[in-house]
Amino acid sequence: MKLKLIALAAALVATASAQAQSAKLKVGLMLPATGTFAALGTAIENGFRLYVTEQGGKLAGREIEFVKVDDESDPAKATDNVNKLIKRDNVDVLVGTVHSGVAMAMAKVAKDTGTLLLVPNAGADAVTGPMCAPNIFRSSFSNWQPGYAMGEVVAKKGHKKVVTITWKYAAGDESVRGFKEAFEKAGGSVVKELSLPFPGVEFQALLTEIAASKPDAVYTFFAGGGAVKFVKDYAAAGLKKSIPLYGAGFLTDGTLEAQGADADGLLTTLHYSDALNTPRDNAFRLAYAKTYKLQPDVYAVQGYDAAQMLGIGLAAVKGDVSKKAEFAAAVEKAKIDSPRGPFSVSKAHNPVQDIYLRQVSGKENKLVGVASKSLADPARGCKM
Ligand code: PHB
């Protein structure tokens with residue numbers, strides 16, 4: 001009798017677990033649908049969906065169901081938004097977001113609840129630094145990475161005195177810090193650090209200050225709608241001809257239609273270029289353009305790769321997201337076949353990747369070369 005009961009209980013558990021693994025996998029997409037980063041959110045979602053579609057709508061045998069929240073790139077609303085996805089919608093996996101401040105709130109909740117989190121953009125150094133966790137992964141970059149690579153490039157160009165300008169929040173601060181670390185190590189000096197609150201675009205007074213400082217060059221982090229306006233204002237102020245402008249590649253990614261000739265010639269560093277011309281990237285660009293009638297950008301790639309990373313982890317655990325250690329082990333040893341070029345993740349779960357030097361020509365960020373080969377974020381403060 002007792003044996004029969006045990007067998008029955010075991011059978012019930014097995015059925016429940018099989019059901020959980022064949023039921024739809026709920027993915028909570030927390031991305032900006034409004035504001036200066038709205039287009040970035042769309043590209044990430046497009047990229048994510050493209051990969052899932054290429055897999056027949058399923059990852060590891062589980063159909064994917066999306067639950068969406070517009071996070072508005074507002075850190076003040078972030079904790080409520082992420083809690084709703086976890087508690088009300090019962091998502092199995094969180095995917096988000098663009099803004100570093102919002103992403104840090106997501107990482108805190110993910111760490112506290114053990115929910116699987118894939119970050120498809122936000123570079124907040126802390127996410128793969130002090131906040132790193134076995135259940136948190138990033139398919140994009142750390143803010144330090146493109147900044148550090150550009151610090152070396154600008155020093156090699158022979159510039160000595162640089163002014164920086166950005167939004168005053170984690171991404172801007174950390175991008176400038178990465179730049180400054182490499183630039184000053186190579187003998188340059190950052191003579192002034194200018195900033196304005198996110199997502200402000202009143203650049204005039206700051207551009208006047210740049211003109212008065214007469215630096216050899218300017219380094220900047222802006223993205224999305226703000227980047228469009230900054231590049232146009234920089235040119236309109238007459239600075240483009242006199243003081244070379246360098247940036248983390250977000251300055252000119254997904255923005256070139258709107259920036260037009262004002263962006264032409266700009267040099268930036270990023271883990272993607274529109275002209276890699278590899279079979280992998282060409283196939284991705286063609287599929288993306290066909291599906292969405294749009295050219296892909298770095299955000300589309302990061303969304304696509306977040307879905308790939310989820311697929312790799314899920315395959316290893318046969319769709320059972322509760323097997324966190326096995327999920328993590330599979331992603332940690334994987335080479336992700338990204339359109340940007342294959343990459344693996346560091347122990348802190350951040351991509352170790354080539355950072356390209358690109359130059360704007362027409363509507364493309366053309367490839368100039370590799371600025372920094374297999375660059376790994378230092379993951380300061382990560383204990384895992
Ligand atoms: C960020 O907040 O981390 C961020 C936002 C937009 C970008 C890159 C980084 O394009």
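All residue numbers refer to positions in the sequence shown, counting from 1. Because only heavy atoms are used, hydrogens play no part in the values below, and waters and symmetry mates are left out as well, while side chains stay in.
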Answer yes if Phe48 and Phe327 sit in the same cluster of Ile, Leu, Val, Met, Phe, Trp and Tyr residues linked by side chain heavy atoms under 4.5 Å apart, and no otherwise. yes
Note: Ala223 and Trp167 closest approach over all heavy atoms is O-CH2, 3.4 Å
So CG of Leu94 and CG of Asn135: to nearest 0.5 Å the spacing works out to 9.5 Å
Side chain to side chain donor-acceptor pair (under 3.5 Å) between His271 and Gln302: does it pass, once the steps are laid out? CA-CA 10 Å; His271 46 288; Gln302 294 167 172; 2.8 Å; yes
Restricting to non-hydrogen atoms, name the atom on Asn143 and the atom on Ala171 that form the minimum distance, rounded to 0.1 Å. ND2-CA, 3.3 Å
Pairing of Glu45 and Arg49 as salt bridge, 4.0 angstrom limit: yes
Are any of the side-chain heavy atoms of Met384 and Pro134 separated by less than 4.5 Å? yes
What I want to find out is whether Arg358 reaches Glu364 closely enough, with some N-O distance under 4.0 Å, to be called a salt bridge. no
Should Val191 and Leu206 be counted in the same cluster of Ile, Leu, Val, Met, Phe, Trp and Tyr side chains packed under 4.5 Å apart? yes
For Lys26, is the NZ atom crowded, meaning more than 12 foreign heavy atoms sit under 6.0 Å from it? yes
Surrounding NZ of Lys58 (heavy atoms of other residues, nucleotides or ligands, distance under 6.0 Å), is the total greater than 12? no
With a 3.5 Å cut-off and no angle check, do the side chains of Glu332 and His349 form a donor-acceptor pair? yes
Taking atom CD1 of Ile336 and atom CE of Met309, what is their separation to the nearest 0.5 Å? 4.5 Å
With a 4.5 Å limit on heavy-atom distance, are the side chains of Val201 and Phe230 in contact? no
When you compare the side chain of Met30 with that of Val82, does any pair of heavy atoms fall below 4.5 Å? yes
Following the transitive rule for hydrophobic clusters with a side-chain heavy-atom cut-off under 4.5 Å over Ile, Leu, Val, Met, Phe, Trp and Tyr, establish whether Leu116 and Val27 coincide in one cluster. yes
Nearest 0.5 angstrom please: Glu202 CD to Leu196 CG, how far? 7.0 Å
Looking at Asp74 and Ala76, would you say the former's side chain and the latter's main chain have a donor-acceptor pair under 3.5 Å? yes
Is any side-chain heavy atom of Ile210 closer than 4.5 Å to one of Ile243? yes
Knowing that exactly one of Phe203, Phe250, Tyr234 qualifies, which makes a ring-ring contact (aromatic ring centres under 6.0 Å, His included) with Phe222? Phe203
Using only atom types and a distance under 3.5 Å, with no angle test, would you say the side chain of Thr166 pairs donor to acceptor with the backbone of Phe221? yes
Would you say the side-chain atoms of Ser213 pair up with the backbone N or O of Pro215, donor to acceptor, closer than 3.5 Å? no
What about Leu117 and Phe66, same hydrophobic cluster or not, with Ile/Leu/Val/Met/Phe/Trp/Tyr joined at side-chain heavy-atom distances under 4.5 Å? no
Side chains of Val301 and Asp305, heavy atoms from C-beta outward: is any pair under 4.5 Å? yes
Counting C-beta onward and ignoring hydrogens, is there a side-chain heavy-atom pair between Val102 and Lys77 closer than 4.5 Å? no
Report the distance from atom CG of Leu270 to atom CD of Gln353, rounding to the nearest 0.5 Å. 8.5 Å
Val52 and Ala307: which non-hydrogen atoms are nearest, and at how many Å? CG2-CB, 4.4 Å
Spell out, as yes or no, whether a donor-acceptor pair under 3.5 Å connects the side chain of Asp92 to the backbone of Leu25. no
Do Asn46 side-chain atoms and Tyr292 backbone N/O form a donor-acceptor pair below 3.5 Å? no
Show the nearest heavy-atom pair for residues Leu31 and Pro120, with the distance to one decimal. CD2-CG, 4.3 Å
Taking side-chain contact (heavy atoms from CB on, under 4.5 Å) as the criterion, tell me which of Val360, Val231, Val228, Asp264 meets it with Leu256. Val360
Donor on one side chain, acceptor on other, Asp377 and Ser142, under 3.5 Å: yes
Between Asp262 and Lys232, does at least one N-O distance fall below 4.0 Å, as a salt bridge requires? yes
Short side-chain donor-acceptor distance under 3.5 Å, Arg340 and Ser338: yes
Checking Thr113 side chain against Val109 main chain: does a donor-acceptor pair fall under 3.5 Å? yes
Carboxylate-amine/guanidinium contact Lys185 Glu152, below 4.0 Å: no
To the nearest 0.5 Å, how far apart are CE in Met106 and OG1 in Thr79? 10.5 Å
More than 12 heavy atoms from other groups under 6.0 Å of CD on Glu326: yes
Report the C-alpha distance between Glu184 and Ser189 in whole Å, list the side-chain angles of each, state the deciding distance to 0.1 Å, and finish with yes or no for side chain to side chain contact (heavy atoms under 4.5 Å, CB included). CA-CA 5 Å; Glu184 297 200 332; Ser189 75; 3.9 Å; yes
May I ask you to check whether over 12 heavy atoms, not counting those of Lys363, lie within 6.0 Å of atom NZ? yes
Using a strict 4.0 Å threshold on nitrogen-to-oxygen distance, state whether Arg285 and Asp274 make a salt bridge. yes
Is Tyr356 close to Leu276 at the side-chain level, that is, under 4.5 Å between some pair of heavy atoms? yes
For Asn350 and Ser346, indicate whether the former's side chain and the latter's backbone hold a donor-acceptor pair under 3.5 Å. no
With a 4.0 Å cut-off, would you call Lys373 and Asp354 a salt bridge? yes
Is there a donor-acceptor pair closer than 3.5 Å between any side-chain N or O of Arg280 and the backbone N or O of Asp337? yes
Establish, from distance only, whether the side-chain atoms of Tyr299 and Asn121 form a donor-acceptor pair under 3.5 Å. no
Could you check whether Tyr219 and Phe179 have their ring centres less than 6.0 Å apart? yes
Check for a donor-acceptor pair, side chain of Arg62 on one end and backbone N or O of Lys318 on the other, with a separation under 3.5 Å. no
Checking Thr36 side chain against Gly224 main chain: does a donor-acceptor pair fall under 3.5 Å? no
Donor-acceptor side-chain pairing of Tyr169 and Glu174 below 3.5 angstrom: no
Over 60° means perpendicular and under 30° means parallel, so classify the ring planes of Phe37 and Phe198, tilted if in between. tilted
Regarding Asp112 and Lys108, does a basic nitrogen lie under 4.0 Å from an acidic carboxylate oxygen? yes
Indicate yes or no: at least one non-hydrogen side-chain atom of Thr220 is less than 4.5 angstrom from one of Thr164. no
Between Phe183 and Tyr148, is the ring centre distance below 6.0 Å? no
Using the rule side-chain hydrogen bond (donor to acceptor under 3.5 Å, both in side chains), only one of Asp297, Asn365, Asp281 pairs with Tyr272; which is it? Asp281
Any link between Val345 and Leu375 through a network of hydrophobic side chains (Ile, Leu, Val, Met, Phe, Trp, Tyr) touching at under 4.5 Å? no
Determine the minimum heavy-atom distance between Ala103 and Val127, stating which atoms define it. O-CG2, 4.3 Å
Looking only at heavy atoms, the pair that brings Arg380 and Pro130 closest together is O-CD, 3.4 Å
Supply the atom-to-atom distance Ile165 CD1 to Leu207 CG, rounded to the nearest 0.5 angstrom. 5.5 Å
